[in-house]
Amino acid sequence: MKNMKKQYIKWAVVLSSVFTTMVSCQSDYLETDPTTAVSEDAAYSSASNLAAIINGMHRDMYYRQNDSQGQNGEGGIMIMMDALADDLVFPSTGNGWYITTVRWQDQVNENGSNDFYPYQFYYALIRNANLVIANGPKVPVVDASDAGTIKVAIGEAYAFRAFCYYMLVQIYGKRYVPGTVNSQLGVPLRLAANEAPLARNTVEEVYTQINSDLNEAASRLAGSKRATKSHFDDKVILGLKARIALTQGNYTEAVAAAKSARVGFNLMDNAAYTAGFNNLAGNNEWMWGATIIADQGDSFSNFGAYMSRNFNSTNIRQSPKAINNKLFLLFPSTDIRTKNFDPTGAHTALGLPSTYAKFPYTSQKFLAASQADSRVDVPYMRAAEMYLIEAEALARLGNEADSKVAFNLFTKNRNPSYTGSVNTGAAYLTEILNSRRLELWGEGFRFLDLKRLNQGLDRTGANHSSVVTNNVMTVANTDPRWEFLIPRAEINANPLIVQNPL
């Protein structure tokens, strides 16, 4: 690897020794937007170039990787996290995309592309975040505007690093157990842009670093104005703090962060809720996400190429995505969220051609720009999640009265006929969690929620196909497959790495 120093990084797709074995060897250049590449020296020669690196990292969040259309940045990993769980239903195998994920075959294949992909994707972003953090302070400051640009770029780099480690430790490490010393193995904390072998840090150490990085990001991004909702700002940092605090069982902190994060982001009305989830810029509920620009789209490697109902592709025609009908039937027809699924599968209003297979309970939550254009805005964070975090955390603190203030306000928006929860105790908490399942369907939360809650997988009695799932209908919460194997490429390149148990 050392004899191949003239290399090219495409949207940050090189990180550590593992990466050097898996991608074309090109480490002296950073591509920071879809059309230009600059040397590393040039990348840190001006504030605008530093900001361009961050722009490239945000671009990477929805860009095709490894020449695999299913590995399309964060959107692809979101699909994987739901395909592993119980609420996203694949009614047929279609043309095969994500079927090995549904069958729980990816994470037990240490040589598999989809076992490797999250490791590759997030560590690539971490490497570039580390470069920005290390070199940002050395960038020449011409005026006050440059100083502000540099401060924000470094702040976003810390936010990227925190987000990526949060995803990595959940996917490759054991669950965080609140109230204990989490000494179980997490992932290596790589805080410098080098290729030195590193052992796996503990889950607790990884979360300590995540929270430290978020605090640094919050300090640097305070009061900043982002150009688009694809970027981090102080409210998104608060939203991430709320997520992470919920995962760690820090419920008081989760409540405070969630309440502050959603200020200024109003819940969408019912018309907007059923309009296709494809208007990030114009929907005030969306806090963070990606709008795929027309000339930067990738027809068969966009989130909408797999999760929309109307794009004209083999995958959508043959295997439209459906909701677990047991979950769907928990909610009354007056709940607007049920309108994003069709129990008949006909989707009459969409005018789908006869070539589109029809299955019950298929989704029209995500609608592509057109049958010929798969672009769908990718939702990373919405205010709805903040209401649900607040309600759940307060309920776990035993404060049902305040929890119901938040939960009833949220639910009344989604269901005008809702008169307030009459449940208490465990039944009330289940009501919140079921609402979370319906609200965040298809947005990449369910596998990680099951793991956080220490619940097993249960697809039984619903509309899951035993053929599609290969009879993987239940998985106990103690099963080792809840942790992805560390990719074999990393183990081969890093003698300090310990593999997860099979």
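- In this structure Asn470 satisfies the side-chain contact (heavy atoms from CB on, under 4.5 Å) test together with Arg103, Gln105, sequence neighbours excluded.
- For Arg226, the salt bridge (Lys or Arg N to Asp or Glu O under 4.0 Å) partners are Asp233, not counting sequence neighbours.
- Counting only heavy atoms from C-beta outward, the side chains of Tyr380 and Glu385 never approach each other to under 4.5 Å.
- Between the CG atom of Leu440 and the OG atom of Ser435 there is a distance of 8.5 Å, given to the nearest 0.5 Å.
- Remark: Val203 engages Val169, Tyr176, Asn182, Gln184, Tyr207 in a side-chain contact (heavy atoms from CB on, under 4.5 Å) (not counting sequence neighbours).
- Looking at Ile133 and Glu216, their side chains never come closer than 4.5 Å, going by heavy atoms from C-beta outward.
- Considering only heavy atoms from C-beta on, Leu367 comes within 4.5 Å of Asn310 through its side chain.
- Although no hydrogens or angles enter the test, the distance criterion places a donor-acceptor pair under 3.5 Å between the side chain of Glu205 and the main chain of Thr202.
- With a 4.5 Å cut-off on side-chain heavy atoms, Leu433 and Thr430 do not count as touching.
- Considering only heavy atoms from C-beta on, Asn340 comes within 4.5 Å of Phe277 through its side chain.
- Classified by interplanar angle (parallel below 30°, tilted 30° to 60°, perpendicular above 60°), the ring pair Tyr98/Phe90 is perpendicular.
- With contacts defined as side-chain heavy-atom distances shorter than 4.5 Å, the pair Ile150/Ile154 qualifies.
- Checked against the 6.0 Å centroid criterion, the rings of Phe328 and Tyr361 qualify as a close aromatic pair.
- For Arg190 and Asn130, the side-chain atoms include no donor-acceptor pair closer than 3.5 Å.
- Residues meeting the side chain to side chain donor-acceptor pair (under 3.5 Å) test with Ser48, sequence neighbours left out: Ser46.
- Expressed to the nearest 0.5 Å, how far CZ of Arg127 lies from SG of Cys164 amounts to 14.0 Å.
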Item to complete: Would you sort out whether Tyr306 and Phe311 count as a ring pair (Phe, Tyr, Trp, His ring centres under 6.0 Å), showing the intermediate values?
Response: CA-CA 9 Å; Tyr306 302 93; Phe311 179 56; 9.1 Å; no
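- Evaluation of the salt bridge (Lys or Arg N to Asp or Glu O under 4.0 Å) rule for Arg382 yields Glu285, Glu439, Glu443 as partners, not counting sequence neighbours.
- Residues Ala261 and Met386 come closest through the heavy atom pair CB-SD, 3.8 Å.
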Discussion item. Applying side-chain contact (heavy atoms from CB on, under 4.5 Å) to Arg309 and Phe366, what does each step give before you reach the verdict?
Written reply: CA-CA 7 Å; Arg309 185 63 187 100; Phe366 305 107; over 6 Å; no
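- Partners of Asp87 by side-chain contact (heavy atoms from CB on, under 4.5 Å), not counting sequence neighbours, listed by chain and number: Asn324, Leu327, Arg437, Trp441, Arg446.
- In this structure, the side chain of Tyr117 engages the main chain of Gly73 through a donor-acceptor pair within 3.5 Å.
- Among residues two or more places apart in sequence or in another chain, the ring pair (Phe, Tyr, Trp, His ring centres under 6.0 Å) test is passed with Phe447 by Trp104, Trp482.
- The OH atom of Tyr62 lies 9.0 Å from the CG atom of Asn302; values are rounded to the nearest 0.5 Å.
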Practice prompt. Take Arg59 and Glu74, measure what salt bridge (charged side-chain N to carboxylate O under 4.0 Å, His left out) needs, and give me the verdict at the end.
Written response: CA-CA 10 Å; Arg59 170 77 166 92; Glu74 183 65 16; over 6 Å; no
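- No donor-acceptor pair closer than 3.5 Å links the side chain of Asn49 to the backbone N or O of Ser45.
- Within the 3.5 Å criterion, the main-chain N or O of Gln170 finds a donor-acceptor partner in the side chain of Lys451.
- Rounded to the nearest 0.5 angstrom, Trp97 CH2 and Thr314 OG1 are separated by 11.5 Å.
- Rounded to the nearest 0.5 Å, atoms CD1 (Ile237) and CZ (Arg220) are 12.5 Å apart.
- Side chains of Tyr165 and Leu189 form a contact here, defined as non-hydrogen atoms less than 4.5 Å apart.
- At least one donor-acceptor pair under 3.5 Å links the side chain of Thr362 to the backbone N or O of Phe359.
- A search for salt bridge (Lys or Arg N to Asp or Glu O under 4.0 Å) contacts involving Asp458 returns nothing, not counting sequence neighbours.
- Residues in residues 452-477 take part in no ring pair (Phe, Tyr, Trp, His ring centres under 6.0 Å) pair, two or more places apart or across chains.
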Item to complete: Go through the steps for Asp377 and Trp286 under the test side-chain contact (heavy atoms from CB on, under 4.5 Å), then give the verdict.
Response: CA-CA 10 Å; Asp377 292 347; Trp286 285 43; 3.8 Å; yes
Donor-acceptor pairs are to be reported for all side-chain atoms of residues 495-502 against protein atoms at under 3.5 Å, with residues two or more places apart or in another chain.
{"from": "Gln499", "atom 1": "OE1", "to": "Ile486", "atom 2": "N", "distance (Å)": "2.7"}
{"from": "Gln499", "atom 1": "NE2", "to": "Glu110", "atom 2": "OE1", "distance (Å)": "2.9"}
{"from": "Gln499", "atom 1": "NE2", "to": "Ile486", "atom 2": "O", "distance (Å)": "3.0"}
{"from": "Asn500", "atom 1": "OD1", "to": "Arg200", "atom 2": "NH1", "distance (Å)": "3.0"}
{"from": "Asn500", "atom 1": "OD1", "to": "Arg200", "atom 2": "NH2", "distance (Å)": "3.0"}
{"from": "Asn500", "atom 1": "ND2", "to": "Tyr172", "atom 2": "O", "distance (Å)": "2.9"}
{"from": "Asn500", "atom 1": "ND2", "to": "Phe484", "atom 2": "O", "distance (Å)": "2.7"}

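- Here the CD1 atom belonging to Ile316 is positioned 5.0 Å from the NZ atom belonging to Lys321, to the nearest 0.5 angstrom.
- Within a 6.0 Å sphere centred on NZ of Lys326, heavy atoms belonging to other residues, nucleotides or ligands number more than 12.
- Counting only distance, with no hydrogens or angles, the side chain of Thr208 and the backbone of Glu204 share a donor-acceptor pair below 3.5 Å.
- Formation of a donor-acceptor pair under 3.5 Å by the Gln107 side chain with backbone atoms of Asp115 is not found in this model.
- Legend: residues meeting side-chain contact (heavy atoms from CB on, under 4.5 Å) with Val152, ordered by chain and number and at least two apart, are Glu156, Leu221, Ser224.
- For the salt bridge (Lys or Arg N to Asp or Glu O under 4.0 Å) test, residues two or more places apart in sequence or in another chain that qualify with Arg436 are Asp449.
- Annotation: side chain of Thr247 is not in contact with side chain of Arg175 (no heavy-atom distance under 4.5 Å).
- Electrostatic pairing of Glu392 and Arg452 counts as a salt bridge here, judged by a charged N lying under 4.0 Å from a carboxylate O.
- For Asn325 (side chain) and Asn463 (main-chain N/O), a donor-acceptor pair under 3.5 Å exists by modelled atom type.
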Worksheet item: Where do Arg161 and Leu125 land on the side-chain contact (heavy atoms from CB on, under 4.5 Å) test, with the steps shown first?
Response: CA-CA 7 Å; Arg161 194 166 75 180; Leu125 290 171; over 6 Å; no
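- Each of Phe121, Trp288, Tyr158 was scored for a ring pair (Phe, Tyr, Trp, His ring centres under 6.0 Å) with Phe163, with one residue passing: Trp288.
- Classified by interplanar angle (parallel below 30°, tilted 30° to 60°, perpendicular above 60°), the ring pair His58/His231 is tilted.
- Ser319 places no side-chain N or O within 3.5 Å of a backbone atom of Thr93 that could act as its donor or acceptor partner.
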